[in-house]
Structure formats: structure tokens, C-alpha cells
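In what follows, a structure is listed as C-alpha cells, so that the remarks can point back to it.
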Amino acid sequence: MNFLDILIVEDERVVALDLKFSLVGLGHRVVGLAARGEDAIRLAHQHRPDLVLMDIHLDGAMRGTEAARLIREQLGIPVVFLTAFAEDDTLLEAAAAAPYGYLLKPFELRELQAAMTMAFARRSAERGVEVAQRRLSLALEAAELGVWEWSDADRGFHVDGRTESILGGLPRTFVEAREAFLSRIDPADRPAVSELLAHGSAISRVVAARAPDGRPLWLELHARHFGGDGAGGGARVIGVIQDVTQRREMEDRLRQASVVFRTSAEGILILDEARLIVAANAAFCRLSGYTMDEVLGNDADELLHARRQSDQFFSHLSESSEHHWHGEVACRRKDGEVFPVWEHVCAVHDDEARLTHYVLAITDISAIRAAEAQMRHMAYHDALTGLGNRHMLEERLDIELQRARRSRHLLALLFIDLDGFKVINDTLGHATGDRLIQVIAGRLSAAIRRTDVAVRLGGDEFVVIAPDIDRPEDCAVLARKLLVEIAQPVQLGADMVSLTASIGIALHPDHADSVADLIMEADSAMYAAKAQGRNAYRFFSAEMSSRARERLLIEQGLRRALQTDELVLHWQPVVDLNGGLTVGLEVLVRWQHPELGLILPARFIPIAEESGLIQALGRWVLMTACRQARLWRDQGGPRLRIAINVSVCQFADEGFESGVRQALQDSGLDPASLELEITESVLQRPEQNQPVLERLRALGVNIAIDDFGTGYSSLALLRQLPVDRIKIDKSFVDDLADDPHATAITGAIVGLAQTLGYALTAEGVETAVQRERLRSMGCDDAQGWLYSRALPVDQVPAWLAGQAAVLVG
Ligand SMILES: Nc1nc2c(ncn2[C@@H]2O[C@@H]3COP(=O)(O)O[C@H]4[C@@H](O)[C@H](n5cnc6c(=O)[nH]c(N)nc65)O[C@@H]4COP(=O)(O)O[C@H]3[C@H]2O)c(=O)[nH]1
């Protein structure tokens, strides 16, 4: 028998005291006496008795049943009613308070003792269940689990535990049709749950569902079907449910991260806190050349980096609040090859901010670096030859100038221009020209010192920077060496080509102290070397710069002259050697300069050719000459051959042929009166030029070869091409009187022309002896100062009239 702490609630004091004595007599302890309900509640809170003996009728407004209900709800203390009433109303009222006993007064003490013992025992048993229930509910809470039950009997769902996120505000027990419940589940997972409810299979799976607010959820369900108990309890399904949305999302993210890890083109390593590799992806193995086995467990820094650099970024990581570092590092592959890498290192911490891992990602940037290097190379090099370009010239020259200023050495700049390259390019074609430039570039590079720099400025111009020169003579030695190298014949397909160059040299500090001046003055010196007869070198001298200025002046002035009628045509008569009659006029251009006076073509035609102005100039000459010739004819002048010089550059131009048609059409000149004088170099490209010559011929225009004998036309070529006339060069005519060799050559040319059926004109006839020799050899026509110089336009009619008078006379 347990001795209990008892609270007595009785409005009749005598009864209460009597009861107290009896209980004390039984060994119990009475912790208080109360006559009112409110006092009873207060004393119960204060003393926490094991049991309350409660009268139903009390002093005050509160009835014993109400006080009992509150004590039970608030404190879980069992209450036994002691009352004299047994009416139904009172019993019902008492039952609502779920009492642990109900004794009708008067009662025996032993009845009271029995009732109290039962009440206490029942309460003790209930306490055990409550503890178990509480334990279970805390466990569910801790595991964030909900319990659900579906019963056949009421076709309702009962839930307990953690279900708010799943069911929202639904009550713990709710009745819901099976279909309604199933509609919460994703259609793909519905059959399995439906099967469970209908046939009792067990289920253990994660299903997709929707929260009442429409949010997608992932629920983990574990449930089993329990059959009916045969005693009216129908079949039930009981299980646990858990909202695993977060876990599932995390898993999804991990899965995605894992795919990224596996398939990334970046090499990725995961290192532990000691920086040993715990995981690597396939890209890393591919980049590094190591197998997975060779990678795992190794120190990343030792395995990968060309230089030890972990200190650099790992120390940075520990100091930085950002926990990552990136930058370019050099890595080494398994085969020893070092390659540039963009590396990203990131520290990984756990929830307690403890460092656990590092993630190291590498991207091979060798292709980017190679492209950059190639772009840098392209920016500073000439694509055709691989030599430096103007950019490099300016930069290197600037550096070398600064060095030279500090040292006592000379710095030389050699400006190299190939002689006659343009003719080769125009005659043998650009591809051959390019090949030739490449060969020359190769020879230049081979001939210079390692500290010298060779640059191609474009076209056929090269520059060599030679620093650390002791004396100017050393530079002359270098220039001579380069001239010898360049002059070696070059085999280009079937052709063997020989080329010379002109070199101009400017020195620092003797001639210039700036990049621009050095280049300009070496350029001037180069022109001087050309003027000197080519295949030569010249050092810069002060008077050269005035020539360079003049050259510039001519080029600029010529542009203007073409617009402002400063160009004029002079006409040199061509005379029939036998009859002495004027049969033609050669058109020779002059420049009537407002300040410099009459300028001869030798001074400006080469500049026009180099600057491209020759096309415009040629068109002007053609048009003006044709119009003038037509005018004289219209004025009753004789029918004459009008010979016009065509430079090889003009001929190479696509618009040339149409320009000739245009001039003939506009002027109305008879094409048979027009003779185009081309040089032998035009013949060197028969496949290009033959069709043009033929079409011009078909127009009725005559073709003459000027300066014949000075070029390198072969007989075979000559026969192939549509040519009407050969003009014997003045150099042969000059020597006719006293050089038997020249006489023999001229004789041979005359013989050749006669055999091939060409007409002949001798140029530059100055003496009667020359005239007689030519006539005796069988030459047809002649021109030269013996007859007349080239005449201004207004003197031509008088000349022609005079000729006619001579003839008539
Ligand atoms: N010492 C001497 N010289 C004589 C004698 N007879 C003629 N000459 C000169 O010799 C040159 C003959 O012209 P070229 O060989 O076609 O040589 C021409 C021709 O290649 C070129 N040229 C002249 N006009 C034109 C033109 O309109 N277009 C083109 N493309 N070139 C032209 O300029 C060159 C020089 O022309 P010019 O100075 O007019 O010089 C002319 C003429 O004045 C003589 O008996 N003795």
C-alpha cells in the first residue's frame, strides 16, 4: 500500500476534518483542506498531491466538477468525487470531468481506501502510457517524421507528428476521399500508393506531391497494410511520412554537380585539408596525362605545378575572407611538358567553419597563349617573309637608339631597295615576285648578325638595323656583303633571275638622332645609290636630303599637275630614211612647272610609276595625243603615225585596253595612225600580255618595241607576239660610227627585223654618218636631233609645212 499526499476539497469543515483524521490514521498525508473550487486549484498547484478527494457542492460559485476538470487538465492529478448525490444530472456532470472514482456518502473508510488505491494505480498506469507517447512524439519530432493512418472503417486519414509542410493547416485527423488524397500525389507515383490502399502491398519510396499551396514536394513514404482485427476494426494502412523536399533538392544539386565534375572540360581536383588529392575528374587526367590511380593520394602541388606555388595561394586563402584564389600558373604534364594554366583554388568549410577540403580547377590556356603569341608575331612580322615589319622597325629602332645613346657605339640603319624588282613582278607575275622576295629575305637574315634586325617595309624595300658598329667602314663591309648575297642568281621555276639592290646607310649619331630621321635619311641615301647606277651602297650626306625633298615635291606636284594642265606634249618627228619625209611623230610628255620650268620625263616618270600616278598620266597622254593628232588631220595635215610611250606598269593595268579604245573613240583618230611603244619587259609575260596585244592589234593599232636590244627578249618570244615595229635603242646608234661591235649588233637587229617582217626605226640619230650607216643597212625610219628635237605642239604644223615645202621644192 502506498501512502499518498491527499488534498481534501469539502465545504463542510467538520466533514473535512473527520476525513482528514481518518486518512492520517491510514498513514496518508493530507496536504490541504479547501472549501472552494478556486482554493482547491491553488492548493493543488502548490502541493502537487497524488490525489484529490472532491465534493461536488462547494462554497462559492465554482462547482467541484469544474475544479476537478481544471486540476486534471492543468496538473494531471487524479480526482475522486465524494458526494451525497447520485442523480443522473450530477453523475453526467461528474463524468465530464473524467474522474478516477465516485463514492456516495456515507461510505466506509475501507471503501474510500479501495477507491483511492484504484485511482492511484490507474493514474500510475496512465502516466506510463503518457511517457511512452511523449517519447514517441519527441522521436517523431526529432526525426521530422509524420505518422499517417488510413482506415477502411471511416475511410479517413489520420496524421500525427510533423505534417504541416505536407498538409498545411489540415487538422490532425481528417476525412478525405481516397481520390482526393491520391490527387495530392504526382500522377507517376499514384498507382503505387493506390495499390497500397486497395490491396495492402507495402510501400517504401519517395514520391512527388504537391503541398496545399501548390508547392512541389518530395515525400518519403514507408507504410504497410494491416488487415482487419476481426472484431469490427477494419483494415488499416499505417506508416510514416517525411517531407524530403530539401534533401531531394540537395541530392539533385549534388547529382548536377557530379555531372559537372565528371564532364567538365576543366580539370578538377578535390584536396583534403592536408592538400592531398581525394578526387579528380576525367578532364584532369586528360590534361595532366596521369591515370586516376597515379593522381589519388598525391600532393597536388608536387604532382602538378612546374614551380612550387602552393604557398602563394594557400596562404592567400587562409588570409582572405573570400576563400578562393585564381591566377595563371605553369603546370607540368606527366611527360614533362610545361603548359600555362588558369587555376582556381577554393577552400571548403563545414557548418562549424572548419576547413575540410580544397577544390582546385585548372583550364589549359596554351591555345589562348599560342593565339596571343601568334597575334603578337603577326603584329610585328611581315607575313610573306617572316621578317619584322614597320611596327617592329620603329619599336626596335627606338630601343636600339636609346641603347646607342648610352654606349659609345654607332647604330647603322641600312635601307635596301631591289633594283628593277617592279619590272620582274610585272613581267613574271606576283607569285614569282613573292617567291623572289622570300629568297632575298632569307639571304638577308642569314647574312646579318644575331643582334641585327632585318625588316621588310613592304614591296621590295628592306631595312637592317645594325647596332654596336665600331666604325662606318664595318657598315660598308656589311652593305657589300648584302649586295653580293642579293646578286646571286635565283632559280624561279624555269627562269633564272638576277637582281641587284641599292643600299642607303644612315648612322647614329653622325646623321640622325631619331627613329623618323634615321629612316628618312637612309631612304635618301638609298635613292642616291640608285641614281649612282644601282647595285651600290651610299652613306647619307646632307645634300641627299635635298634630293629626297625634291622627290617628295615631284610626287606631290605631279598630282596637282594632272589637275591643272601643267603637263604638255612635245612631238619628235620620225623621218623616212630613204625619202626624208616625216612619217610619224613620237609623243613625249613634259611638265611645265610654274617654278622649276620645263621638267623632262626622266625626272618624273619613274616617280609616277612608283607612286601609281602613271595610270592617270598615261590616260591623259593618250587622250591628249589622239585628239591633237585628229585635229591636225582635220586641218588638212598629212597622215602620220603617232607613237605613244606605254610604261610596263600602264600595260599591267586592267583599264589600259579600255583606255585606248576610249581615246580612239573620243578623238575619232584612225586606229592605224596610232602606234603604242612598249618595252621588252612587256614581252616577258606572254600569257598575260599576248591576248591584250592581239586585241589592240585587232583594233588596228600598231605595236612597236622601244629601246630594242637593251632588254632580254628572246627570239622565240618575239616571233610569237603581234609586233609591227622595232625601235633600235640610241645606245647602239651612238656607237655606229666607230664601234664595229655596235655596228654588228645593229646589223643583226636589222636582219632580224627584215626576216620577221618588222618595220624598223632608229632612235637618237644625231649625225649624218649614223644616218647613212642605218640607211645602208636597210633601216626604214629614224628620229633624232639630226632631224629635229621634240617640238612643242604649236611648232609641229610649221615643221610639217616645211617638210612638204622641201619635198615640193
Ligand atoms: N640625246 C638625244 N636624245 C634624243 C634624241 N632624239 C630623241 N631623244 C630623246 O630620247 C628619248 C626617246 O624616248 P624614249 O626612248 O621613249 O624614252 C622616253 C620614254 O621612255 C619616257 N617617256 C616620255 N614620254 C612619255 C610618256 O608620255 N609616257 C611614258 N610612259 N613614258 C614617256 O621618257 C623617256 C625620256 O623621254 P625624253 O626625255 O623626252 O627623251 C626622249 C627624246 O627627247 C637624240 O638625237 N639625242
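In listed order, ligands and their atoms are each counted from 1.
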State whether the side chain of [X] and the backbone N or O of [Y] hold a donor-acceptor pair below 3.5 Å, judged by distance alone.
X: S445; Y: A441; answer: yes
X: Q754; Y: L760; answer: no
X: T582; Y: G584; answer: no

Mark up the atoms of ligand 1 that fall under 4.0 Å of a heavy atom belonging to [X], in ascending order.
X: Q572; result: 6 (N), 7 (C)
X: E586; result: 13 (O), 16 (O)
X: S647; result: 30 (N)
X: E763; result: 15 (O)
X: V621; result: 27 (O)
X: R590; result: 37 (P), 39 (O), 43 (O)
X: Q650; result: 30 (N)
X: G784; result: 6 (N), 45 (O)

Side chain, backbone, both or neither: which applies to [X] and ligand 1 if a contact is any heavy-atom pair less than 4.0 Å apart?
X: R789; value: neither
X: D707; value: side chain
X: D706; value: side chain
X: Q783; value: neither

Original post:
Nearest to atom 21 (C) of ligand 1 by heavy atom, P601, A790, A643: which?
Top reply: P601

**OP:** Using distance alone, decide if ligand 1 has a nitrogen or oxygen within less than 3.5 Å of any nitrogen or oxygen in N645.
**Re:** yes

**OP:** Could you tell me whether I614 and ligand 1 have an N or O pair separated by under 3.5 Å?
**Re:** no

